[in-house]
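Report on one structure; see the data block that follows.
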Amino acid sequence: MTKFEKERKAKLWKELLLIAAAVVGLWILLASRDAQAVPSFARQTGMSCTACHTVFPELTPFGRTFKLGGYTFSKSSGRYEYPPPFAGAAKFSFTEARGLKTRVDPFDDSPQAKFNLPQSASLYYAGRMIDKAGAFVELAYDGVSNDIALDMTDIRYAHDTSLAGQDLILGVTVNNSPTLEDVWNSTPVNGFPFAASSVAPTPAAGTIVDGTLDQQVGGLGAYAYWNDLIYAGATLYRTNRNGITRPLGAGTDTTVVVDDAVPYWRLALQHQWKDHSFSLGTYGLVAKIFPGDDSHGKTDRFTDVALDAQYQYIGDKHLFSVESTWIHEEQDRDASFDLGTAAHHSDFLTTFRVNLNYYFRSRWGNIGGTLAYFSTTGRKDSLLYAPARDSGSQNGKPDSNGFILEADYLPLERVRVSLQYTIYDRFNGAHSNYDGFGRDASDNNTLYFLVWLLL
Amino acid sequence: MKAVVVAVVGAVVGLGLLSAIAAEGLEYEQGKVLYDGKCQLCHGLKGDGKGPAAASFTPKPSDFTNPKFWRENNEKRIAETIRKGHGPMPAFDLKPDEMKAIIDYMSHAFGKAK
């Protein structure tokens, strides 16, 4: 296919998506406020979106139990859902950050420098498949890279029974991202920010459990949830580059290749009373990763141990929640050291995040926002975090921190309008001239405007 | 001859009773399965309105262990609530025998017949 044909195809895709989005958007605005029509979960349960979400995508206790139950709760007593549980979503966004146009990829080459129309469009199969088996499968079109790939995928089977006179849910999950299976919004995949710019600069350092393996691995896990009190789960992942898990990475280049199995664990305690719920938990993984894009030879070993907590209040009009996580990663970088890409045999990273969310349910829709703080610190390593224009580190430190302020308005349950501002106090090791080329952390401050539609 | 007639009648009555008990047991089991699948999430395993999802809702799910619930609701009214929904509770699409089984189970496990 020639470059001209590719560009023409891409343009056609975008035009089709824009037309589809416009039609659907118009339909949403003109349609009644009956939330039971779509998305597919609402259609299946016969309940409003607010049964499962305070403000999507944050889950309520009902939403958490629905997910643990394998997405199978249904108003119908049939064996499967008809029509099949398909749904859709689209994000349209605008990003503004100082210097973006001149120096930060992919803005240099992208004709859609600031507007991402769409940023993404997704098709979901989300709901009961048959009896006790259900799925949440997302096929996503990335409006920036112009690619289609399998995104979040979580296929479950759950059985409800009892132990010591108390309710017990036992389940198995097949999914393609560590922490995707989790039901609290204090863990990485399900945590804040729920949406972010695809084109804004982001810090160089991040732990493995914090998104590095998303769609890079596929796994099979088992979990148990007893007495609405204790949740325990374990999943074994393997690479999506080849073998049985390859379909779970469909459309995504497997650039982070893990060796052998990656064990992931999760343990959480929860307490609910009246309108309140509180959870405290731990999660983590151990991953052996080939340095670079390789898939043979020596590996680096990463051990991530994390703590998380969430408090949630769901009142008639007021919704409040606090979510926080702390992740510590020990890095054994023998392979990278031998290759000359790490200065030490061992390094570490520590990430901390906390976000406070408040929403008011008014007659004109939900209105509110989030205040969040984030921080990553670690050992100085001048080879891992080498100087480079915009994306590097002059002093070799991975340290970054800052705040995110977000205001949200949901005129309808399935329409979210967000204005998000990310403020960096420190970026890749320093407050000012962090890259050695005169760029300050504040130059990466990002304004992000989003319209997010669920269809 | 009289003894044979008595024995046959006895056997028929006995089998009838047994099958009635078995049928009731099956209906109870069906009701429990339906309750666990459709109601337990909010109303709880014990029917006390404290299911794992109860914290999500205002008003809170009904407490079937409270005698007041059974004073204020007869079977017809409960069936109507299940069929049409109430507040955050969805309208369930159940067959008449399923509806009967679920209400019988609620009544026996938590309510007036307990």
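Numbers restart at 1 for each chain; the letters A, B, ... are given by sequence-line order, proteins then strands.
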task = Please list, in residue-number order, every residue in residues 92-101 of chain B that has a heavy atom less than 4.5 Å from any heavy atom of chain A; write 'none' if there are none.
result = B:F92, B:D93, B:L94, B:E98
key: Members of residues 52-61 of chain B whose heavy atoms come closer than 4.5 Å to chain A   = B:P52, B:A53, B:A55, B:S56, B:F57, B:T58, B:K60
key: Set of residues satisfying ring pair (Phe, Tyr, Trp, His ring centres under 6.0 Å) with respect to A:F320, sequence neighbours excluded   = none
request  = Could you please state which residues from residues 155-164 of chain A sit under 4.5 angstrom from chain B, measuring non-hydrogen atom to non-hydrogen atom, sorted by number, or 'none'?
outcome  = A:D160, A:S162
key: Min side-chain heavy-atom separation B:M89-A:K75 under 4.5 Å   = no
key: Between A:T72, A:T65, A:T60, the one whose heavy-atom pairs under 4.5 Å with chain B are most numerous   = A:T65
note = Interface check, chain B: of A:Q166, A:K132, A:Q312, most non-hydrogen pairs under 4.5 Å belong to A:Q166
inquiry  = For A:H271, is the NE2 atom crowded, meaning more than 12 foreign heavy atoms sit under 6.0 Å from it?
reply    = yes
key: Residue A:F278 excluded, over 12 heavy atoms near CZ under 6.0 Å   = yes
remark   = Turns out that what part of A:Q270 lies under 4.5 Å from chain B's heavy atoms comes down to neither
key: Residue A:S77 versus chain B: region with a heavy atom under 4.5 Å   = both
query = What distance separates A:F62 CZ from B:L41 CG, expressed to the nearest 0.5 Å?
reply = 5.0 Å
task = Would you mind checking which part of B:K50 comes under 4.5 Å of any heavy atom in chain A, side chain (CB onward), backbone (N, CA, C, O), both or neither?
result = neither
